[in-house]
Amino acid sequence: MSGPESFSFTVGTRLDGRHGRSGVIATPHGPIATPAFIPVGTKATVKAVLPETMRELGAQALLANAYHLYLQPGADIVDEAGGLGAFMNWPGPTFTDSGGFQVMSLGVGFKKVLAMEAVDVRSDDVIAPGKERLATVDDDGVTFRSHLDGSVHRFTPEVSMNIQHQLGADIMFAFDELTTLLNTRAYQEQSVQRTHEWAQRCIDEHERLTAARTHRPYQALFAVVQGAQYEDLRRKACRGLESIRGNAGTGFDGYGIGGALEKHNLGAIVGWCCDELPEDKPRHMLGISEPEDIFTAIENGADTFDCVNPSRVARNAAIYVDTGRFNINTSRFRRDFTPIDENCDCYTCANYTRAYLHHLFKAKEMLAATLCTIHNERFTIRLVDRIRESIEGGYFDEHKAQTLGRWRSKKGAGHEVDR
């Protein structure tokens with residue numbers, strides 16, 4: 001239906017002296033103006049929100065997870081439905097991650113993250129307290145037991161590529177090995193090499209499947225950069241991935257920046273990678289959504305990024321506003337008949353009060369998750385849209401200072417929650 005020429009990236013306005021830029025990613029299902037936040041619909045749904053609503057909120061693309069869709073309902077069923085977008089009634093571009101994060105994080109007993117702060121202890125046998133190991137990695141791939149029913153499965157680079165081709169996303173990621181800040185330097189070195197070798201196998205299988213599946217639109221493949229917080233490993237990983245070519249001479253369509261890092265090193269790590277990665281390829285930052293992190297990642301060269309956090313915290317009554325984050329289920333909102341944010345243009349803020357949302361959470365009504373997710377996703381999408389406008393308008397630095405000044409001010413309701 002379409003070939004590699006249906007995917008492209010065009011650089012727009014650059015930030016002076018920095019890697020940050022605006023641009024446009026063209027995909028078979030439409031363009032993505034960058035920088036862009038890609039909301040996460042893990043199981044082919046952003047939890048509690050209709051796909052049609054996500055479009056109304058301004059989402060340009062959605063990301064789903066290969067691990068979860070492989071286990072349920074099965075990639076073959078999504079393929080039979082016409083691919084991820086058709087299956088979930090989403091007309092725009094889609095992303096899928098490789099499943100590597102979930103295989104390893106769930107496999108060692110962590111549901112959300114592994115470790116995002118450096119610790120003194122170093123261990124290559126990371127496991128959550130009181131949990132049983134469900135995944136083991138070797139040079140060929142990962143063997144794991146399903147967190148759903150305990151059944152045994154095997155992911156290799158080739159398996160991940162087959163699953164993602166069946167899912168049919170416009171942009172997919174090469175299978176990589178996830179490490180944590182607990183791992184030793186020696187293991188990080190080993191992991192970078194293993195991820196490089198897996199990336200070669202991914203692109204070879206990607207070429208084969210692309211040639212065999214000409215009845216489907218072209219799918220772009222992004223490599224994933226590992227290397228934790230080591231500058232030399234990050235730069236080595238980038239140079240190595242950029243040099244990879246498939247049997248037919250194909251290179252990667254873009255690059256993902258993943259792996260373990262500390263928040264205060266985010267900008268440096270993204271910058272190291274963008275020093276090495278080609279200018280004409282898009283760069284995706286995996287798993288960030290807090291305003292400070294968004295500005296830092298964009299300024300240092302990230303074009304797109306995804307995170308479950310806006311929807312996840314919404315289901316736990318945490319709300320984003322310009323002055324920070326607060327919990328709507330605390331007692332002081334019981335009689336507050338104002339919107340979450342009078343300056344927000346989302347459906348929730350136009351129609352419902354803080355008192356009503358407080359009531360929904362206290363009553364354990366499902367609508368609470370829907371209305372708060374709508375607001376948090378709109379907050380994050382609009383935040384990034386305005387950053388893009390500031391880059392193109394030449395006032396990024398002023399906009400950053402004003403926005404983060406308000407976010408950190410804690411003058412409004414945002415003083416209640418530790419961020």
Side-chain angles (χ1 to χ4, degrees), residues 1-2 6-9 22-66 68-69 78 81-97 167-172 216-220 282 284 288-289 294 303-315 319-320 339-341 343-352 366-389 392:
M1 294 177 62
S2 63
S6 62
F7 181 88
S8 64
F9 176 64
S22 67
V24 177
I25 300 173
T27 80
H29 290 95
I32 303 170
T34 65
F37 174 66
I38 313 300
V40 176
T42 300
K43 301 177 183 178
T45 173
V46 177
K47 291 185 187 300
V49 179
L50 291 169
E52 294 88 340
T53 301
M54 293 305 301
R55 173 64 80 180
E56 293 169 2
L57 295 176
Q60 300 185 70
L62 299 179
L63 181 145
N65 179 257
H68 287 287
L69 293 178
V78 177
L84 178 61
F87 186 55
M88 66 185 295
N89 194 33
W90 171 257
T94 51
F95 289 57
T96 48
D97 63 10
L167 294 176
D170 295 281
I171 295 172
M172 53 189 178
R216 296 294 196 207
Y218 179 73
Q219 296 175 255
H284 181 89
I288 64 164
S289 69
I294 288 172
D303 299 304
T304 55
F305 37 90
D306 70 276
C307 192
V308 299
N309 214 48
S311 57
R312 173 176 286 151
V313 301
R315 298 194 299 277
I319 304 297
Y320 291 115
I340 293 174
D341 183 351
N343 297 317
C344 179
D345 59 3
C346 79
Y347 174 83
T348 301
C349 289
N351 293 283
Y352 298 97
M366 291 185 289
L367 184 58
T370 297
L371 293 178
C372 288
T373 301
I374 285 171
H375 172 77
N376 279 0
E377 293 287 358
R378 177 57 185 156
F379 173 89
T380 309
I381 291 166
R382 187 172 64 162
L383 175 70
V384 179
D385 286 349
R386 288 175 170 175
I387 294 174
R388 183 173 64 251
E389 291 167 4
E392 294 177 342

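Positions are given from 1 along the sequence.
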Is the shortest side-chain heavy-atom distance between Ile32 and Asp303 below 4.5 Å? no

Short question: side chain of Thr370, backbone of Ala48 - any donor-acceptor pair under 3.5 Å? yes

Checking Arg388 side chain against Thr34 main chain: does a donor-acceptor pair fall under 3.5 Å? no

In Å, rounded to the nearest 0.5 Å, how long is the span from CG of Asp97 to CD1 of Ile171? 13.0 Å

Could you tell me which non-hydrogen atom of Ala59 sits nearest to which non-hydrogen atom of Trp90, and how far apart they are? O-CH2, 3.5 Å

Answer yes or no: is there a donor N or O on one side and an acceptor on the other, between the side chain of Asp170 and the main chain of Thr94, under 3.5 Å? yes

When rounded to the nearest 0.5 angstrom, what distance separates CZ in Arg382 from SG in Cys344? 4.5 Å

Side-chain donor or acceptor of Asn376 paired with backbone N/O of Pro310 under 3.5 Å: yes

After noting the C-alpha distance and the side-chain angles of Ile319 and Cys372, does the key distance pass the side chain to side chain contact (heavy atoms under 4.5 Å, CB included) rule? CA-CA 7 Å; Ile319 304 297; Cys372 288; 3.4 Å; yes

CA sep, side-chain torsions, deciding dist, call: Cys307, Phe37, side chain to side chain contact (heavy atoms under 4.5 Å, CB included): CA-CA 8 Å; Cys307 192; Phe37 174 66; 4.2 Å; yes

Nearest 0.5 Å, please: how far is OG1 in Thr96 from CG in Leu84? 7.5 Å

Do Phe305 and Val384 come within less than 4.5 Å of each other through their side chains, counting heavy atoms only? yes

Write down the atom of Pro93, the atom of Gln60, and the distance for their closest heavy-atom approach. CD-O, 3.1 Å

Could you tell me whether the side chain of Thr27 reaches within less than 4.5 Å of the side chain of Tyr218, counting heavy atoms only? no

Output yes when a side-chain donor or acceptor of Arg378 lies under 3.5 Å from a complementary backbone atom of Leu57, and no otherwise. yes

Would you sort out whether Glu377 and Val49 count as a side chain to side chain contact (heavy atoms under 4.5 Å, CB included), showing the intermediate values? CA-CA 10 Å; Glu377 293 287 358; Val49 179; 5.8 Å; no

What heavy-atom pair brings Cys349 and Ile340 nearest, and what distance separates the two atoms? SG-CB, 3.7 Å

Rounding to 0.5 Å, atoms CE (Met172) and CD (Gln219) come to a distance of 4.5 Å

For the pair His284 and Phe95, name the ring-plane relationship: parallel under 30°, tilted 30 to 60°, perpendicular over 60°. tilted

What is the distance from atom CG of Asn309 to atom CD1 of Ile288, rounded to the nearest 0.5 Å? 11.0 Å

Rounded to the nearest 0.5 Å, how far apart are CE of Met54 and CD1 of Ile374? 9.0 Å

Ile25 vs Phe7, side chain to side chain contact (heavy atoms under 4.5 Å, CB included): CA-CA, chis, key distance, verdict: CA-CA 7 Å; Ile25 300 173; Phe7 181 88; 3.5 Å; yes

Could you tell me whether a side-chain N or O of Ser311 sits under 3.5 Å from a main-chain N or O of Thr373, the two making a donor and an acceptor? no

His375 side chain to Tyr320 main-chain N or O, any donor-acceptor pair under 3.5 Å? yes

Can you name the nearest heavy-atom pair linking Pro217 to Pro28, along with the distance? CB-CB, 3.8 Å

If I compare all heavy atoms of Gly58 with all of Ile381, which pair ends up nearest, and what's the gap? O-CG2, 3.6 Å

